[in-house]
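Below is one structure; the comments refer to it alone.
A note on names: the letters A, B, ... follow the listed sequences, proteins ahead of strands, and every chain is numbered from 1. For clarity, every value in this text was computed on a predicted model and none was experimentally measured.
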Number of protein chains: 2
Amino acid sequence: MARPTLDRESPVPLYQQLADVLRRDIEEGRLPAGVAFPSERKLMARYQVTRTTVRSAIGVLKQEGMVVAEHGAGSFVRDPKADRHRVDATRVGMVRPAPPRQESKDVALTRSFRLSAILESAERRMKTTPWISELLQVEGGTEVLVQEATGLDSQGAPSLCRAWLHPRVEKEMGLSEEDLDGYWLPDMLAIKGVPAAEGEDVVEAAMPTPNIKRVLSVPDGVPVLQLYRVMKQDDLVVAVIETHLPADQTTLVFPRIPLHI
Amino acid sequence: MARPTLDRESPVPLYQQLADVLRRDIEEGRLPAGVAFPSERKLMARYQVTRTTVRSAIGVLKQEGMVVAEHGAGSFVRDPKADRHRVDATRVGMVRPAPPRQESKDVALTRSFRLSAILESAERRMKTTPWISELLQVEGGTEVLVQEATGLDSQGAPSLCRAWLHPRVEKEMGLSEEDLDGYWLPDMLAIKGVPAAEGEDVVEAAMPTPNIKRVLSVPDGVPVLQLYRVMKQDDLVVAVIETHLPADQTTLVFPRIPLHI
DNA sequence: GAGTGGTCTAGACCACCTT
DNA sequence: AGGTGGTCTAGACCACTCG
């Protein structure tokens with residue numbers, strides 16, 4: 001097998017060249033998804049480089065989300081379209097996520113959702129971050145009522161949701177933390193006659209913070225989709241529903257909105 | 001200054017401990033955005049570890065999108081909310097991106113959009129990828145008419161757009177590659193009486209492929225938002241408009257859609 | 001027990017930026 | 001010129017998985 005060889009004179013670093021070779025192997029099907037990758041020692045021997053260089057190359061592919069490594073077992077090519085949920089954006093955050101399923105083995109291709117964290121946070125009052133403050137239209141660092149839920153959402157996709165209630169609404173409605181026991185905030189708002197049908201949906205993506213990464217068990221090289229649902233009534237913000245979804249498992253679907261052509 | 005020290009007995013690896021220390025320094029404002037980070041040699045001396053370990057720790061923060069390194073100059077804390085564009089999702093992909101601006105210096109905090117690639121691809125006919133095939137509802141590998149445009153979109157955000165035309169429409173309308181000269185496909189469809197007001201919008205996020213990373217000049221640790229706008233008429237797919245947006249600069253805003261409560 | 005990936009050391013040389 | 005990050009070597013020991 002005439003393996004491509006690396007060019008030590010090239011200005012392109014060795015680990016990049018090796019990453020390019022391996023990426024092509026994956027893209028062109030010579031290294032199919034799910035099967036074992038050549039081990040680091042094998043790659044060292046085949047391409048005559050140090051283990052450091054091999055690991056850098058694999059690191060590039062890990063960052064691209066193409067490869068996952070499993071300690072002691074090997075590295076594996078990830079199938080980017082496997083295990084995806086089509087998530088209806090109109091429902092995200094509106095229904096309390098289901099309790100987590102039983103912890104199960106983590107296989108490269110069939111990553112199931114593991115939960116090591118709380119289903120619902122005990123913490124019910126938090127200071128707003130700058131970004132939430134902006135959306136909620138309150139001053140930064142205001143203490144507001146927060147509800148948090150983690151698990152599989154109504155559509156089977158893992159998610160972490162936080163519902164931030166505007167202090168004005170809390171006060172006007174005389175809502176207390178106890179009132180929310182057993183209720184998910186959007187439900188409660190509907191019950192109390194605050195449908196909050198106005199507003200907008202804001203979508204961002206970022207690499208997960210260590211906390212989010214742990215709670216949603218997001219592997220390396222996988223970003224998180226963040227949907228912020230701003231609920232308004234009479235042009236005043238009532239609440240913000242923040243949802244984090246692991247991007248390797250989530251396809252967010254919005255119904256057609258009127259387009260500007 | 002009583003620096004926290006690393007625990008060599010801990011099961012938590014040194015580079016992780018160091019990353020945690022540095023992350024906290026950033027989060028709590030001791031290392032403000034934009035200013036120089038301690039150099040790798042300084043961190044080696046301060047924490048009594050090898051440069052490899054220091055680089056691993058900084059690598060963690062780079063992957064999280066908290067830090068950017070500039071060769072020869074130093075590493076810098078990134079401000080996650082700086083330089084963001086609020087992008088109206090109803091307009092994305094519907095208007096041809098503007099020509100690229102002059103190439104300019106790349107500063108950590110004010111990354112401006114650089115274009116090394118084509119403004120509009122010469123390639124006008126491509127095979128569909130599996131994912132595009134699914135959205136376009138054609139068989140995988142079908143050759144279809146594709147238009148590609150890169151630059152700043154109508155709202156000032158950098159983006160890469162591809163418009164994929166369904167072969168049925170191409171045939172029925174007798175559209176040729178020349179017809180598209182000077183026109184952006186969605187405009188052309190509107191002109192030809194195919195408003196394609198139906199359909200749906202699909203949002204995903206992923207780490208950029210090397211090509212996208214280069215074209216949009218996305219730094220390490222930054223994912224890409226992908227918006228696929230499926231244009232339909234009478235329940236048949238007319239075209240798919242694919243848009244890639246660097247997630248560190250883009251906040252995608254959807255108007256309120258009817259919610260399921 | 002053999003093989004795998006994860007961590008860490010102690011160096012070296014280079015390319016790049018700032019002054 | 002001096003400092004910075006980028007690449008690479010040649011080892012070592014460890015924790016984990018699998019047959």
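- A search for side-chain contact (heavy atoms from CB on, under 4.5 Å) contacts involving N211(B) returns R162(B), T209(B), R214(B), V215(B), not counting sequence neighbours.
- Scanning for side-chain contact (heavy atoms from CB on, under 4.5 Å) contacts around K42(B) gives S39(B), with sequence neighbours left out.
- Among residues two or more places apart in sequence or in another chain, the salt bridge (charged side-chain N to carboxylate O under 4.0 Å, His left out) test is passed with E28(A) by R30(A).
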Discussion item. Each nucleotide in nucleotides 4-14 of chain D should get exactly one letter: B, S or -. Can you fill that in based on protein heavy atoms under 4.0 Å?
Written reply: BBBBSBB-B--

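- Listed by first then second residue, pairs satisfying salt bridge (charged side-chain N to carboxylate O under 4.0 Å, His left out) with a partner in residues 56-65 of chain B read R23(B)-E64(B), not counting sequence neighbours.
- Looking at residues two or more places apart in sequence or on another chain, you find a side chain to side chain donor-acceptor pair (under 3.5 Å) between E204(B) and K81(A), R84(A), T251(A).
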